[in-house]
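Encoded as structure tokens, the structure appears first; notes follow it.
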There are 2 protein chains.
Amino acid sequence: MKKFVNDPKQFVPEMLRGIALANPDTLTYVPEYNLIMRSDAPREDKVSIVQGSGSGHEPAHVMIVGKGMLDAACPGDVFAAPPMDYVYETAKRLASPKGVLLLVNNYTGDRMAFDMGKEMAEAEGIDVRILMIDDDVAVKDSTYTIGRRGVAGNFFVIKAVGAASEQGADMDELVRIGEKVNSVTRTMGVALTACTPPAKGSPLFELGEDEMELGVGIHGEPGRERRKLVSADEIVDELLEAVVTDLPFSSGDRVALMINGLGGTPISELYILFGRAHDQLAEKGITVARSYVNEYCTSLDMAGASVTLVKLDDEIEGLLAAPAEAAIRVF
Amino acid sequence: MKKFVNDPKQFVPEMLRGIALANPDTLTYVPEYNLIMRSDAPREDKVSIVQGSGSGHEPAHVMIVGKGMLDAACPGDVFAAPPMDYVYETAKRLASPKGVLLLVNNYTGDRMAFDMGKEMAEAEGIDVRILMIDDDVAVKDSTYTIGRRGVAGNFFVIKAVGAASEQGADMDELVRIGEKVNSVTRTMGVALTACTPPAKGSPLFELGEDEMELGVGIHGEPGRERRKLVSADEIVDELLEAVVTDLPFSSGDRVALMINGLGGTPISELYILFGRAHDQLAEKGITVARSYVNEYCTSLDMAGASVTLVKLDDEIEGLLAAPAEAAIRVF
């Protein structure tokens, strides 16, 4: 295993501690619950926005806690949903008079943990709502999911809901916005290599030297098809076609286009995919109004990428353009 | 080769085109010279700041062209210095009454290209200066360098000089600032895997399943020692010790600490290294005042990382904190 790791059991806590040390003025770390929260949360004047999910998808979600984004994240271990008491304790600590909104990627394990954590918090009179995200068009059901999976497109739901909550929107309004963004967001990914969880120490699955997995899930779950590796252009054309025809996106649409790296792919390659996707969309009469090329939701060290489109209207575009801060940053 | 690539010869142009398409309002792309420049450059009221170097180190340097950073970058092919006429043409197009400052990482090939390009531009009356960056403490001379190599620490020179030029500093002042930042910046890196250049299609060197290369160069050049892979803590301790004792940094110092990923290492692991480095510095009485955990200067898809320290004073800290924009971004 070619990784920077000490004790694999401490992989997540050590990472979280590093995040907190790098952001001493803005973030608070509660080790008992893997909880990273804004130091100024909860705030009386805003709904608290929380994401959990498994670890191993960084920067999602522990590195996008910050002003205009999440108020807190309480991840589980690598590729494991957070225990229900993490969700419960997080909801308690984040309880605001305006409520707590839990954003959950649609994986059955996460759904269960958040449903139960929500019930526990509600029993103490905390106003908690759940908003499910399911942007992955690859498969209808999958190994660990009933219904579509929630993948990199969740960034846009978090960004929009985070911005609106910062502007004072109430719970009903935030749920409306989140559901709307989710309803116009579509993603599909591809794996070129498997990923290696620290606790396993070897690749999670086998992928031949000349193979790729089209429609892979963010834990390496099977997608639509295992296929011979082809050129960057052919890959992005296929991903884009699946995404465009699903909503469908059509001529005249304005979109946000995200090329998301899965962890092991350099950003140079992501820009090659971006250029091709941009051309193909232009040919279809679809305008790329906002561009996102980086790692947003990864699968540890997996080489691969996903393509996300969001259909924009003035409201969504305004929320995506609103200022935001997070641990993941350049400057 | 598990990469998103079409024709390897088009790897760099396709990437550059993608960058330009993602930033239509702020960047201009001149394909003939691999030139990415700010659309508002050159400006009469500021010195133009330019970096070249080989490609394959992204986001360095083509993705950090922007307000408060570089005015332009004119990279060569993957791991190849730009041809001298790229440098010359870039200097001509960036010529401002206040001059053109070329920032060059100390690799012999880059030095030659920039020296010759500078001479060609000077012959046409353009005021051009060169500032060399050589922050790598690993080795005194190396395969492709006389003197120390310039590696990830160049980010800090660019950031400081970019901010000062935005504030109107003249050429002499910028050279003073750049030399000062370079003089207090130290870096050392480690490779866990080799990298695969698209044109080669296979790893550039061999590294055993249980081996690492301490002090590796950003093209995979040998460093200090090939050694058995050890824990994250042991690795960062060794890198940090080399960096700290070199300047030396000492108790009472305030520093910027950068953990830079080399391309294939997920950011989760970088934060594990960061946490340990932070602890070790605290033990030595050295305060981390600014934190940088991300990919800044990579080696294609190499798994690995580097540690950079910058000794801060009020002037440097102010320049590092100044606003900046670049293609590499999250929001």
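All heavy atoms count here, side chains included; hydrogens, waters and symmetry mates do not. Throughout, protein chains are lettered first and strands after them, A, B, ... in sequence-line order, and every chain is numbered starting at 1.
For the atom pair E269(B) CD and K2(A) NZ, the distance stands at 12.0 Å (nearest 0.5 Å). Here CE of M15(A) is found 14.5 Å from CZ of F274(B). Values are rounded to the nearest 0.5 Å.
More than 12 non-hydrogen atoms from other residues, nucleotides or ligands lie less than 6.0 angstrom from NZ of K200(B).
Here the closest non-hydrogen pair linking Y271(B) and A22(A) is CE2-CB, 4.0 Å. Taking both residues in full, the closest heavy atoms of E209(B) and M1(A) are given as OE1-N, 3.9 Å, listed atom of the first, atom of the second, then distance.
Residue contact with chain B, scored on non-hydrogen atoms closer than 4.5 Å, involves the side chain of M63(A) exclusively. The parts of A326(A) that come within reach of chain B are both its backbone and its side chain, each placing non-hydrogen atoms under 4.5 angstrom from that chain. Both the backbone and the side chain of L207(B) come within less than 4.5 Å of a heavy atom of chain A. Using a 4.5 Å cut-off between heavy atoms, A327(A) touches chain B through backbone and side chain atoms alike. Interface remark: A322(B) contributes no atoms to any contact with chain A (heavy atom separation under 4.5 Å). For E325(B), the part lying under 4.5 angstrom from a heavy atom of chain A is the backbone only. Of the two parts of R329(A), the backbone and the side chain both hold a non-hydrogen atom closer than 4.5 Å to a non-hydrogen atom of chain B. Using a 4.5 Å cut-off between heavy atoms, I235(A) contacts chain B through its side chain alone, with no backbone atom that close. Only the side chain of F155(B) has a heavy atom closer than 4.5 Å to any heavy atom of chain A. For L21(B), the parts lying under 4.5 angstrom from a heavy atom of chain A are both the backbone and the side chain. Using a 4.5 Å cut-off between heavy atoms, L273(B) contacts chain A through its side chain alone, with no backbone atom that close. With a 4.5 angstrom heavy-atom cutoff, K159(B) touches chain A only via side-chain atoms. Contacts of T298(B) with chain A are absent, with no heavy-atom separation under 4.5 Å from either backbone or side chain. Only the side chain of Y292(B) comes within less than 4.5 Å of a heavy atom in chain A; its backbone stays farther off. When heavy atoms are compared at a cutoff of 4.5 Å, A305(A) approaches chain B by way of both its backbone and its side chain. For N294(B), the part lying near chain A is the side chain, with the backbone staying farther off; criterion is any non-hydrogen pair under 4.5 Å.
Salt bridge annotation for R17(A)-D279(B): present, with a cationic side-chain nitrogen under 4.0 angstrom from a carboxylate oxygen.
Of all the listed residues (G261(A), G275(A), G68(A), G56(A)), the one sharing the greatest number of non-hydrogen pairs under 4.5 Å with chain B is G275(A). Between chain B and the options A303(A), A324(A), G263(A), the largest number of non-hydrogen pairs under 4.5 Å is found for A324(A). The most heavy-atom pairs under 4.5 Å with chain B, out of L300(A), D301(A), L320(A), I267(A), come from I267(A). Put simply, of I259(A), V288(A), L192(A), the one with the most heavy-atom pairs under 4.5 Å next to chain B is L192(A). Comparing A20(B), S268(B), S231(B), C195(B) by how many heavy-atom pairs each has under 4.5 Å with chain A, the most go to S268(B). Top candidate by heavy-atom pairs under 4.5 Å with chain B, chosen from R276(A), E58(A), E295(A), K3(A), is K3(A). The greatest number of non-hydrogen atom pairs below 4.5 Å with chain A, out of A321(B), P198(B), A277(B), G304(B), is found for G304(B).
With F4(B) as the fixed residue, the side chain to side chain contact (heavy atoms under 4.5 Å, CB included) test singles out one of V190(A), D233(A), I272(A), V236(A): V190(A).
Looking at N6(A), its side chain does come within 3.5 Å of a backbone N or O of A232(B) through a donor-acceptor pair.
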